[in-house]
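What follows is one structure encoded as structure tokens, with my remarks underneath.
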Amino acid sequence: MEQLDATIVNTAIPSIAASLQVTPLSLKSVVTSYILGLAVGIPLSGWMADRFGTRRVFFIAISIFTVASVLCGLAPTAPMMTAARLLQGLGGAMMMPVGRLAIVRTFPKNELLGAMNFVIIPALIGPLLGPTIGGLIVHWTSWRVIFFVNVPVGLVALYLVWKHMPDYQGHEKRPLDLIGLVLFSSGTAILSWLLEVFGEHTLDAVTGGLLLALSLALLASYAWHALRIKHPLLRLTLFKVRTFRISVAGGFFTRLGVGGLPFLLPLLYQLGLGLPAWQSGLLMMPAAAAAMGMKMFAPRLLARFGYRQVLTVNTVLIGVTIAMFTLVGPGTPFYVIVAISLAQGFFNSLQFSSMNTLAYADIEPNDTSMASTMSSSFQQLSMSFGLATGSIVTAWFLGPVAQDNRVLVSQALHHGFGILAVMTLVSSAIFWRLRRNDGDSISRGQVKAKEAEPVAQPLGS
């Protein structure tokens with residue numbers, strides 16, 4: 001439901017703008033308000049799950065998301081739509097980390113990879129069908145139907161959660177770090193918003209610089225605060241666990257390259273190749289289909305080669321597939337584009353499965369909720385940075401080019417794909433720092449000796 005909503009809404013922005021009698025650009029707040037809701041809600045999700053239980057929090061999260069979807073569909077004005085999307089973001093913020101936490105606590109580590117891959121396959125139906133379904137709904141009915149699609153899905157999910165979802169709570173009732181919540185959420189919200197509006201010239205340089213300085217100061221203040229109290233909102237000492245640190249850092253830098261693709265590919269297909277929006281959406285589907293197929297192979301690949309080898313080599317392969325889009329231009333056969341998209345979706349899917357499960361390889365059971373919250377928080381930031389990177393690269397190369405000249409537009413975008421490819425290739429060096437047996441507790445069911453990771457021992461202190 002969350003993935004489908006994220007891909008459908010962008011398709012409907014022009015229709016929503018016309019209905020609410022505003023410009024499409026002014027509806028940027030509809031997208032950014034959802035991002036702000038995620039930035040504020042994700043850091044709070046782990047504490048809420050520990051305090052109130054995974055089933056209750058997940059139930060509330062789906063309820064908020066479903067009600068907010070109805071409010072979006074009924075919104076008569078742009079400000080009300082923005083407020084409803086903010087509420088929807090708060091509900092979505094608790095869904096992913098709390099759902100992931102329930103999986104991590106239910107399955108032993110040697111079954112975690114298969115379980116998480118099994119759960120993520122239905123979610124990939126969203127980006128697979130979202131652009132096409134969104135286009136058909138907007139074409140044949142009203143854009144408001146897009147948000148009402150979430151209602152039956154949400155009601156079924158609520159029933160299943162209440163009847164079948166396990167209810168895990170934390171081993172200790174830690175107090176809520178209100179100061180940390182204000183500092184971290186404010187810092188990430190400002191930074192995420194700046195990255196979303198970057199390049200649109202809606203902010204002057206002075207204002208943008210001041211807001212950037214403020215967000216960095218708030219995040220630095222949180223780091224200083226978190227290292228000095230017993231129960232911080234996000235326990236930064238968890239980065240002493242090498243596999244967790246490399247998973248989060250490697251994922252962050254990998255997404256800088258990969259995160260720009262959703263921004264550049266539609267421009268390449270629509271401006272460079274001159275395809276209509278619906279055909280552009282269809283060309284995005286092979287990557288999602290390949291991602292679903294890869295989930296069946298990921299456990300065997302990781303068991304055979306290990307996390308270090310898979311992540312290092314696969315990151316290079318992702319960079320190569322991104323570079324292959326520099327070969328796509330007017331006159332390129334569709335089967336070549338589909339083949340590149342399939343490869344890109346295949347390697348991206350293996351990458352995210354590996355990074356997301358490696359984060360829990362050496363995490364103690366008492367720290368799973370904290371690890372889930374921190375991993376989700378940095379994933380959200382990395383997604384914002386990735387989109388901003390794509391925007392910067394596109395604006396740099398596409399700015400002086402006449403958009404009706406397909407050849408020049410394609411050449412400009414090719415430079416952008418080249419930059420993203422190089423960034424992704426460089427990020428593979430982070431995964432090279434893994435040890436040969438890192439992650440074996442997940443991929444091969446082998447328990448690592450405690451002496452092998454001495455820095456992970458004092459985390460409970």
Side-chain angles (χ1 to χ4, degrees), residues 1-9 12 30 33-75 80-107 115-130 133-134 137 141-170 292 356 368-369 372-373 376 379-380:
M1 179 172 64
E2 189 175 4
Q3 293 288 332
L4 185 65
D5 186 84
T7 53
I8 279 182
V9 169
V30 171
S33 60
Y34 185 83
I35 299 295
L36 294 179
L38 292 177
V40 173
I42 288 178
L44 190 60
S45 61
W47 178 85
M48 291 188 65
D50 282 345
R51 175 60 65 93
F52 302 109
T54 52
R55 181 170 58 196
R56 184 180 302 177
V57 174
F58 202 64
F59 187 91
I60 293 172
I62 295 176
S63 300
I64 292 174
F65 193 92
T66 306
V67 170
S69 297
V70 174
L71 295 177
C72 287
L74 297 174
M80 292 190 67
M81 167 74 76
T82 301
R85 285 287 284 173
L86 178 63
L87 182 64
Q88 200 178 34
L90 289 172
M94 293 183 287
M95 285 163 63
M96 181 178 67
V98 175
R100 184 182 295 173
L101 172 62
I103 297 171
V104 172
R105 288 187 172 175
T106 298
F107 293 91
M116 292 188 74
N117 283 340
F118 183 83
V119 168
I120 201 63
I121 287 176
L124 290 170
I125 296 175
L128 178 67
L129 301 179
I133 291 177
I137 288 176
T141 64
S142 168
W143 61 267
R144 298 183 185 275
V145 176
I146 283 176
F147 294 101
F148 296 144
V149 167
N150 291 332
V151 176
V153 180
L155 292 176
V156 172
L158 289 173
Y159 171 79
L160 293 175
V161 167
W162 196 252
K163 290 288 291 186
H164 301 291
M165 187 172 184
D167 194 23
Y168 300 114
Q169 294 189 13
M292 296 176 69
N356 292 340
T368 51
S369 64
S372 179
T373 303
S376 299
Q379 279 184 33
Q380 179 56 44

side-chain contact (heavy atoms from CB on, under 4.5 Å) between Y168 and V98: does it pass, once the steps are laid out?
CA-CA 10 Å; Y168 300 114; V98 175; over 6 Å; no
Atom OG1 in T373, atom CE in M96: separation rounded to 0.5 Å?
10.0 Å
Using a 4.5 Å cut-off on heavy atoms from C-beta on, say whether the side chain of R55 contacts that of V161.
yes
For A157 and I62, the nearest pair of non-hydrogen atoms, with its separation, is CB-CD1, 3.9 Å
Measure the spacing between CG of L87 and OH of Y34 and express it to the nearest 0.5 Å.
11.0 Å
Close side-chain approach of N356 and Q379, heavy atoms under 4.5 Å:
yes
Check: F59 and D167 side chains under 4.5 Å, non-hydrogen atoms
no
Decide yes or no for N150 and Q88: does some side-chain heavy atom of the first lie under 4.5 Å from some side-chain heavy atom of the second?
yes
What one should report as the nearest heavy-atom pair of P97 and I42 is CG-CG2, 4.5 Å
Side chains of S369 and D50: is there a donor and an acceptor less than 3.5 Å apart?
yes
Polar side-chain atom of T368 near backbone of R105 as donor-acceptor pair, under 3.5 Å:
no
Identify the two heavy atoms, one from T106 and one from P166, that lie closest to each other, and give their separation to 0.1 Å.
OG1-CG, 3.6 Å
For R144 against A75, the heavy-atom pair lying closest together
NH1-O, 2.9 Å
Rounded at 0.5 Å granularity, tell me how far CH2 in W47 sits from CG in L44.
6.5 Å
What closest approach, in Å, do G37 and L86 show between heavy atoms, and which atom pair accounts for it?
N-CD1, 3.6 Å
For F58 and M95, what are the C-alpha separation, side-chain angles and deciding distance, and is it a side-chain contact (heavy atoms from CB on, under 4.5 Å)?
CA-CA 6 Å; F58 202 64; M95 285 163 63; 4.2 Å; yes
CG of L38 to OG of S33, rounded to nearest 0.5 Å, is 10.0 Å
Return the minimal non-hydrogen interatomic distance between I64 and M94, and the atom names on each side.
CD1-CE, 4.1 Å
From CZ (F147) to OG1 (T66), nearest 0.5 Å
13.5 Å
R100 and M116: CA distance, side-chain angles, deciding distance, side-chain contact (heavy atoms from CB on, under 4.5 Å) verdict:
CA-CA 8 Å; R100 184 182 295 173; M116 292 188 74; 3.6 Å; yes
Output, in order, the C-alpha distance, side-chain angles, deciding distance and verdict of side-chain contact (heavy atoms from CB on, under 4.5 Å) for W162 and L158.
CA-CA 6 Å; W162 196 252; L158 289 173; over 6 Å; no
Is the CZ atom of R56 crowded by more than 12 outside heavy atoms at less than 6.0 Å?
no
